[in-house]
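Since the structure comes first, as structure tokens, the remarks are kept for the end.
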2 protein chains.
Amino acid sequence: MPTLLDVARAAGVSTATVSKVLSNTPYFTEATRAKVMQAVDELGYVPNLAARALSSGKTHIIAVVFPYVYDALFTDPLVLRILEGIEAELTKRGYNILLSTPRLRESGPDTHYTRLIRSGYIEGVIALDSVPMASVLEIVRQRKMPAVAIGYHPNTYSIRSDDHQGGQLQMEHIIRLGHHKIGIIASDESLHFSIEHRLRGLQHMAEQHGLSYQQMPRANGDFSIDSGAKAARQLLTEHPDLTALLCLNDRMAMGAIQTAQAMGRQVPDDLSVIGYDNIPLSMASSPALTTIDQQAPELGRIAATMLFEVFDGKQPATATLPTTLIVRQSSSHVLVNNY
Amino acid sequence: MPTLLDVARAAGVSTATVSKVLSNTPYFTEATRAKVMQAVDELGYVPNLAARALSSGKTHIIAVVFPYVYDALFTDPLVLRILEGIEAELTKRGYNILLSTPRLRESGPDTHYTRLIRSGYIEGVIALDSVPMASVLEIVRQRKMPAVAIGYHPNTYSIRSDDHQGGQLQMEHIIRLGHHKIGIIASDESLHFSIEHRLRGLQHMAEQHGLSYQQMPRANGDFSIDSGAKAARQLLTEHPDLTALLCLNDRMAMGAIQTAQAMGRQVPDDLSVIGYDNIPLSMASSPALTTIDQQAPELGRIAATMLFEVFDGKQPATATLPTTLIVRQSSSHVLVNNY
DNA sequence: TATCTTTAGTTAAGCCTTTAACTATCGGCT
DNA sequence: AGCCGATAGTTAAAGGCTTAACTAAAGATA
């Protein structure tokens with residue numbers, strides 16, 4: 001592999017000149033620039049990133065941190081969509097993605113992760129940070145590294161989807177359809193800030209329409225299909241009069257639909273089911289799932305953009321993306337004879 | 001951040017000693033080891049990876065390369081499952097994942113990717129390499145970097161799922177159920193080696209049972225749900241007598257089911273649909289999808305294992321993982337009145 | 001003409017770790 | 001006593017890049 005020195009020799013200049021020309025420093029004649037560039041092309045020179053990192057601290061590597069929660073990480077299509085947005089923006093700017101998936105414990109993230117952060121390899125961090133018990137960004141903050149959280153981290157630049165509004169949209173939609181016997185499939189809100197906000201959104205809208213959120217039966221899952229199925233079975237068994245299930249993610253909703261059908265309920269005729277996330281496959285379930293879109297790729301893209309603003313010394317304001325209701329076939333007006 | 005020198009001073013030894021103690025070189029007294037380790041702990045020393053990379057070439061970073069094909073990459077849950085397997089193994093060994101998603105052109109992968117490979121940052125490569133037109137591993141091979149392909153690359157260590165067998169399993173299953181009016185939803189086999197092998201598997205098994213593969217109607221999609229839906233509409237319109245659809249991935253199968261239902265066909269009573277991949281959500285479609293499991297996480301895990309064998313100077317043999325048929329509710333015996 | 005600026009480029013130090021080559025000590029052996 | 005091998009640790013170079021500080025020449029100004 002040719003080095004800066006090789007290029008410098010070939011072009012008949014010093015290494016400093018080559019380095020500066022390559023980083024577009026002013027004060028060079030066109031002639032010198034051309035000489036250098038030609039040498040670079042001829043030798044096929046590519047800068048050694050390790051050397052550059054050591055010397056300048058610029059590694060062009062961003063850690064994208066998706067903590068393990070419930071092991072659901074690699075099973076959640078939403079993660080992939082967020083990653084898509086991040087990738088698009090980072091690649092556009094010539095940055096690389098180092099994917100980190102720390103395991104969380106009460107004592108904090110695992111040491112593999114903390115070592116990575118402190119290794120000098122990472123120029124910035126984008127993290128999914130919505131787990132109250134253990135923040136992956138705490139150590140990043142201590143080191144004063146540029147970072148953006150996707151979620152509800154209080155002390156960092158952050159972006160999030162408007163979970164409260166999303167919850168409201170779910171509830172509003174189902175109430176408009178005439179339902180009032182409504183079950184909720186969620187997860188433990190103490191494990192996930194987003195869930196907490198969505199639930200508050202549900203509550204807010206319910207009470208605004210004179211329904212008691214407290215009395216709505218609820219079962220918790222762990223975001224998986226199976227857990228949604230189980231939760232639905234429990235709710236429909238204990239409360240056979242339910243006409244609607246609001247699920248806080250699509251996979252649980254799909255599990256719920258399956259269970260409902262297995263229990264002899266027609267969806268949406270006997271039971272409306274609403275999901276949350278608008279994962280790509282939600283349109284392919286039968287019936288296609290009514291759900292809340294939270295612009296996952298956009299969330300990632302903007303997080304990346306914000307990180308570059310931080311690089312530039314700016315202080316990007318916390319952003320909140322609106323959600324939208326996607327009406328498909330899994331929800332419909334409550335049947336008259338249910339009244 | 002403390003450096004080696006700081007640790008050396010604190011322990012009262014040379015930097016060489018610290019470095020060697022940390023990498024477990026022999027010839028040191030317990031006393032020295034202890035002194036060094038204590039200094040490391042007290043200072044919270046973490047080695048600077050950039051410096052280590054520059055000095056020794058060991059970066060502990062593996063590029064995981066998922067080329068963009070059809071833009072389907074970030075929409076394909078299977079990708080995530082493979083990544084899961086890779087991540088598990090790499091993390092276990094203290095390695096990091098640099099996620100690279102090159103765009104392919106006829107001239108080869110984009111320059112951002114080629115620069116990354118030649119940057120000195122990467123210690124090894126694991127790549128999804130199943131696109132005949134442009135191999136992402138060619139440049140890696142030229143540089144003689146350790147690499148493992150997941151797919152059909154001829155010149156590199158590689159692992160793959162037994163696509164031929166998977167095709168056979170699909171066809172065998174549907175024939176056993178009494179079907180002989182069978183449609184195929186695939187994609188352009190010239191764009192994907194796996195598809196080619198699956199189709200050959202279908203053909204092989206069909207002919208073994210005296211059916212003409214050539215006469216089976218076929219439509220191509222691009223792996224997306226929509227394209228599966230379109231393909232199904234086309235096939236069912238042009239060939240209303242079809243009783244089964246073999247789809248070469250789950251998403252197209254789910255699209256096909258939806259279309260079939262919209263066209264008034266009951267699945268599986270009027271039409272059996274079989275998928276391929278066994279993505280997590282295939283169990284949640286209605287009806288749950290009969291499909292072929294290709295052990296995606298295992299594929300990733302073994303690829304990583306093989307890469308470490310290459311690091312150790314071994315020459316791992318090409319591996320082929322068997323597939324299994326997962327029978328769910330989207331396939332059933334052909335109805336008698338269809339004969 | 002002498003002085004100051006701007007432009008154009010060079011020199012050399014520094015980033016932190018690894019590792020080849022070297023020194024020094026000590027017990028064991030002839 | 002003299003030599004050897006094993007043990008324990010040190011010195012210093014190397015790895016490739018960036019950048020502060022410096023030089024030199026050309027142009028502008030008084």
Side-chain angles (χ1 to χ4, degrees), chain A residues 1-40 43-61 94 115-123 143 311, chain B residues 1-37 39-40 43-61 94 115-123 143:
Chain A
M1 277 281 93
T3 70
L4 247 205
L5 186 59
D6 298 327
V7 176
R9 276 205 266 262
V13 298
S14 72
T15 59
T17 302
V18 178
S19 175
K20 288 189 184 164
V21 164
L22 288 181
S23 54
N24 255 319
T25 302
Y27 301 148
F28 285 102
T29 54
E30 252 328 298
T32 318
R33 278 209 146 68
K35 265 196 305 186
V36 170
M37 285 322 219
Q38 199 194 343
V40 165
L43 296 175
Y45 170 75
V46 172
N48 181 311
L49 292 188
R52 175 179 288 175
L54 179 58
S55 169
S56 71
K58 302 293 174 202
T59 63
H60 276 211
I61 293 186
R115 289 172 65 91
L116 174 71
I117 294 300
R118 305 170 62 190
S119 71
Y121 242 22
I122 302 301
E123 210 175 322
R143 299 229 44 214
F311 282 163
Chain B
M1 275 282 95
T3 71
L4 250 203
L5 186 60
D6 298 326
V7 176
R9 277 205 263 264
V13 297
S14 72
T15 60
T17 301
V18 178
S19 176
K20 288 186 185 168
V21 163
L22 287 181
S23 54
N24 253 318
T25 303
Y27 300 147
F28 285 103
T29 53
E30 254 326 300
T32 316
R33 279 207 144 72
K35 265 195 305 187
V36 169
M37 286 320 220
V40 165
L43 296 175
Y45 169 75
V46 171
N48 181 310
L49 290 188
R52 173 180 288 176
L54 180 57
S55 171
S56 72
K58 303 291 173 202
T59 63
H60 276 211
I61 294 187
R115 289 171 64 91
L116 174 70
I117 294 299
R118 305 169 62 190
S119 71
Y121 247 7
I122 301 300
E123 210 175 322
R143 299 230 43 215

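Proteins come first, then strands; the chains are lettered A, B, ... in the order of their sequence lines, and each starts at number 1.
- Residue B:Y45 places at least one side-chain N or O under 4.0 Å from the OP1 or OP2 atom of C:dT17.
- Residue B:H60 contributes atom NE2, which lies 15 Å from atom P of C:dT17 at whole-angstrom precision.
- In this structure, B:L4 places its CG atom 13 Å from P of D:dT10, rounding to the nearest Å.
- For A:K58 and C:dC15, the NZ to P distance is 16 Å, given to the nearest whole Å.
- Residues from residues 9-30 of chain A with heavy atoms under 4.0 angstrom of DNA chain D, sorted by number: A:A16, A:S19, A:K20.
- Between B:L43 atom CG and C:dC16 atom P the separation is 14 Å, expressed in whole Å.
- Summary of helix geometry: the two end axes of the helix from C:dT1-D:dA30 to C:dT30-D:dA1, each defined by five base pairs via their C1' atoms, are inclined to each other by 60° (rounded to 10°).
- Side chain of A:S19 to main chain of A:A16: no donor-acceptor pair is present (N/O by atom type, distance under 3.5 Å, no hydrogens or angles).
- In this model, a side-chain donor or acceptor of A:S55 finds a partner on the base of C:dG14 within 3.5 Å.
- Pairing each heavy atom of B:T59 with each of B:A53, the nearest pair is CG2-CB, 3.4 Å.
- Here C:dG14 presents its P atom at 13 Å from CG of B:L5, a figure rounded to the nearest Å.
- Scanning all heavy atoms of the two residues, the minimum distance from B:R118 to A:G44 falls at NH2-O, 2.7 Å.
- No more than 12 heavy atoms of other residues, nucleotides or ligands sit less than 6.0 Å from atom CZ of B:R115.
- As rounded to whole Å, 17 Å separates atom P of D:dA14 from atom CG of A:L54.
- A:N24 approaches A:R33 most closely through the heavy-atom pair OD1-NH2, 3.6 Å.
- Panel note: side chain B:E123, backbone B:K58; no donor-acceptor pair is recorded below 3.5 Å.
- Here the C1' atom of nucleotide D:dG16 and the CZ atom of B:R52 are 18 Å apart, to the nearest Å.
- The nearest pair of heavy atoms linking A:L54 to B:A51 is CD1-CB, 3.6 Å.
- None of B:T32, B:V7, B:V21 except one satisfies the side chain to side chain contact (heavy atoms under 4.5 Å, CB included) rule with B:V13; the exception is B:T32.
- Residues A:K35 and A:A11 come closest through the heavy atom pair CD-O, 3.5 Å.
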